[in-house]
Amino acid sequence: MSEISTSPTRGPDAGTTRERSRLSFDLDVDVCVVGAGLAGLTVALEAARLGASVAVLEGRHIGWGASGHQLGTVMPGYGLPIKDVIARVGFEDARELWALSKQGAEYVRANASEQSIPEMALSEGALEVSNVDVGDQLISRLQMLAEDFETEVEGWQVDRVRDHLKTDRYFHGVYFPRAFQLDGLKYVHGLAALARRAGARIFEDTPVVSIDASGIRKRIVTPSARLRASHIVLAGNVYLGAPSRRLSETLLPVWRYAGVTAPLGERLAETIAFKGSVTDTDGIDHFRIVNGDRLMWASPETTWDARPARFAPAIARRIRTIFPRLGQVEITDVWGGAAGHTVHGMPQIGQLRRGLWVASGFGRQGLNTTAMAGQLIACSILWGDERWRLFSPFELVWAGGAIGRIAGQVIGMWGRGSSAAAGALARYRERMRARERLRDARLAEANRQAGTRPPRPRPSPGRPSVDESRVEQSRLEQSRTERSRPERSRPERPRPPVAATPEGDGTS
Ligand SMILES: Cc1cc2nc3c(=O)[nH]c(=O)nc-3n(C[C@H](O)[C@H](O)[C@H](O)COP(=O)(O)OP(=O)(O)OC[C@H]3O[C@@H](n4cnc5c(N)ncnc54)[C@H](O)[C@@H]3O)c2cc1C
């Protein structure tokens, strides 16, 4: 897999041509980490900072997996919606889990500071947009996040979303001002540099072929050397393979493909004014502007490893579908990575048996959650911190093997299909409402000219419409108390009204 940087210039340590050190001699350490992705490197950094001797064994090279191919959006939370987390573990534990996920994001921010990883160029803010018109659901989500989970969030009305994103595909939005984005590839290599500086040793081209975790001192076998360690941390994501097949089988690998356009010039700024990352609530598209006038976009998914270049036309089509005014776009680079999804949607963080740890299953939201996992596991190994037990209710569940993958692909396609249908329906309703408003305006004008009053509106049989003023929620309290009161009718005897025709020119 080639590596992708979201900045115009790659860091000196970011290329695959850099000299790699392979483990060719036997070694004794406190902690052996399998896998040099975000998860493994964070465990290594934290364990080394706390004074342990640490060796990281990576089968290919640093950032070879999903970690070197992500879009760099750092947000609080998990792949599993928070209401489902509450349903599973209860409100108090859900709050603690959420707080940990926020700490994970802040940990990434601290690491990515200019002093630790120079030239990271963080940009602030992420926007989650809805494909359907569900402002009322948004209000309860905002209230929960802001009040119960102490997260800075703002609700954006449809107009505000569309001021920033010129498309009729998106409706309301939730803005996370504390979320941010960074250059994903630079970050993973920066993390490796920090871990080395803290004393960890990282060996690349060193696949772990087997482990024996039964004794106090555990044994790790690689093609040309053996290790002994008191703790092993399995952070191999979906690639772990032989060292623990049963663990690998608890993950559904989903390859996600992303691409970047050629420079789009002024038309990009005219279409997308939002500077941070955008994701939709159905998890279909994820994009942001990079290098001033290029669009980085992730969308297609498969449950098998396909050639990323194949997906360039699909990404270009998707961009055109969402932003027709961008016209044809050229995709200059495409890449993909496998995110490991668990059956329950939460990451696998914890101790499998004494001294054998797992940090895996981070799905699509891996930056904050790998950071959190690394800290929790290192603190537990060295200080006896037991907070990883908050993840115990999310057990290792078999992901269904080949059948599970086929089912995953079908469910994914069905999810995308139903999201597209729901989006089309929402846009249709919106067009109908606009037409109704136009008809009402014409009717009102006709009545004004004729000196008559419009007929009393009949109650609508459908769902009540969302009071937009309640959605603009920088101050949530306001939204709770605001209620529109029905206007009092004047005690004047109405003259016969002008009737509304289906097309509503109101002149008959
Ligand atoms: C296209 C895309 C965009 C994404 N965008 C974002 C984003 O914007 N924000 C976000 O938070 N998340 C994002 N993610 C998700 C994020 O990238 C992952 O959750 C995260 O990188 C997982 O890290 P990891 O360390 O668990 O796995 P990996 O990065 O896959 O690392 C595992 C490593 O272990 C090594 N390994 C495996 N088995 C062995 C073995 N037996 N011996 C030695 N080494 C082994 C592999 O070679 C690999 O390098 C994205 C993912 C993709 C695919």
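All values below were derived from every heavy atom in this structure, side-chain atoms included, with hydrogens, water molecules and symmetry-related copies excluded. All ligand and atom numbering here is 1-based and tracks the order in the structure.
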Exercise for review: Check each heavy atom of His286 against ligand 1 and say whether those closer than 4.0 Å belong to the side chain, the backbone, both or neither.
Suggested key: side chain
Practice item. Ignoring hydrogens, just give me the one of Pro253, Gly72, Ser67 whose non-hydrogen atom is nearest atom 28 (P) of ligand 1. Key: Ser67
Exercise for review: State plainly whether the residues Asp280 and Arg169 are in salt-bridge range, i.e. N to O under 4.0 Å.
Suggested key: no
Exercise for review: Answer yes or no: does atom CZ of Arg354 have more than 12 heavy-atom neighbours from other residues, nucleotides or ligands under 6.0 Å?
Suggested key: no
Review point. Do Gly40 and ligand 1 have an N or O pair less than 3.5 Å apart?
Key: no
Exercise for review: For residues Trp98 and Tyr78, establish whether the separation of their ring centroids is below 6.0 Å.
Suggested key: no
Check your understanding: Is the shortest distance from a Lys or Arg side-chain nitrogen in Asp285 or Arg318 to a carboxylate oxygen in the other one below 4.0 Å?
Key -> yes
Practice item. Please indicate whether any nitrogen or oxygen in Thr370 is less than 3.5 Å from any nitrogen or oxygen in ligand 1. Key: no
Check your understanding: Any N or O of Ala66 that comes nearer than 3.5 Å to an N or O of ligand 1?
Key -> yes
Review point. What is the nearest protein non-hydrogen atom to atom 49 (O) of ligand 1, stated with its residue, atom name and distance?
Key: Glu58 OE1, 2.7 Å
Check your understanding: Between Glu58 and Arg22, does at least one N-O distance fall below 4.0 Å, as a salt bridge requires?
Key -> no
Review point. Where does Leu57 meet ligand 1, judged by heavy-atom distances below 4.0 Å: at the side chain, the backbone, both, or neither?
Key: backbone
**Study point:** Which atom of Glu114 lies closest to which atom of Glu119, heavy atoms considered
**Key:** OE2-N, 3.1 Å
Check your understanding: ligand 1 and Val208, any nitrogen or oxygen pair closer than 3.5 angstrom?
Key -> yes
**Study point:** Nearest neighbour in protein (non-hydrogen) for atom 50 (C) of ligand 1
**Key:** Gln70 CB, 3.4 Å
Check your understanding: Considering only heavy atoms, does Arg364 approach ligand 1 within less than 4.0 Å through its side chain, its backbone, both, or neither?
Key -> backbone
Check your understanding: Taking C-beta and beyond as the side chain, do Trp388 and Ile377 meet within less than 4.5 Å on heavy atoms?
Key -> no
Check your understanding: Mind checking whether Tyr239 has an N or O less than 3.5 Å away from an N or O of ligand 1?
Key -> yes
Point to revise | Residues Glu152, Lys102: salt bridge by 4.0 Å N-O rule | key: no
Review point. Side chain, backbone, both or neither: which part of Ala339 comes within less than 4.0 Å of ligand 1 when only heavy atoms are counted?
Key: neither
Exercise for review: Could you check which of Gly363, Gly337, Ala373 puts a non-hydrogen atom nearest to atom 16 (C) of ligand 1?
Suggested key: Gly363
**Study point:** N or O contact, Pro207 vs ligand 1, cut-off under 3.5 Å
**Key:** no
Check your understanding: Looking at Thr73, which atoms of ligand 1 are within less than 4.0 Å of one of its heavy atoms?
Key -> 7 (C), 8 (O), 9 (N), 10 (C), 11 (O)
Check your understanding: Using a heavy-atom cut-off of under 4.0 Å, does the side chain or the backbone of Ser360 touch ligand 1, or both, or neither?
Key -> neither
Study note, to complete from the structure: shortest atom 45 (C) of ligand 1-to-protein heavy-atom contact is with Gly59 N, 3.9 Å
Exercise for review: For atom 39 (C) of ligand 1, state which one of Thr42, Ile62, Val34 supplies the nearest heavy atom.
Suggested key: Val34
Exercise for review: Please check if the distance between the ring centroids of Phe287 and Phe274 is under 6.0 Å.
Suggested key: no
Review point. Between Ala298 and ligand 1, which residue portion shows a heavy-atom distance shorter than 4.0 Å: side chain, backbone, both, or neither?
Key: neither
Check your understanding: Would Arg109 and Glu124 pass as an ion pair if we require N to O under 4.0 Å?
Key -> yes
Check your understanding: Got the closest protein heavy atom to atom 52 (C) of ligand 1, with its distance?
Key -> His69 O, 4.1 Å
Exercise for review: Return yes if some donor-acceptor pair links the side-chain N/O of Trp335 with the main-chain N/O of His69 below 3.5 Å, else return no.
Suggested key: yes
Review point. Salt bridge between Arg226 and Asp26, side-chain N to carboxylate O under 4.0 Å?
Key: no
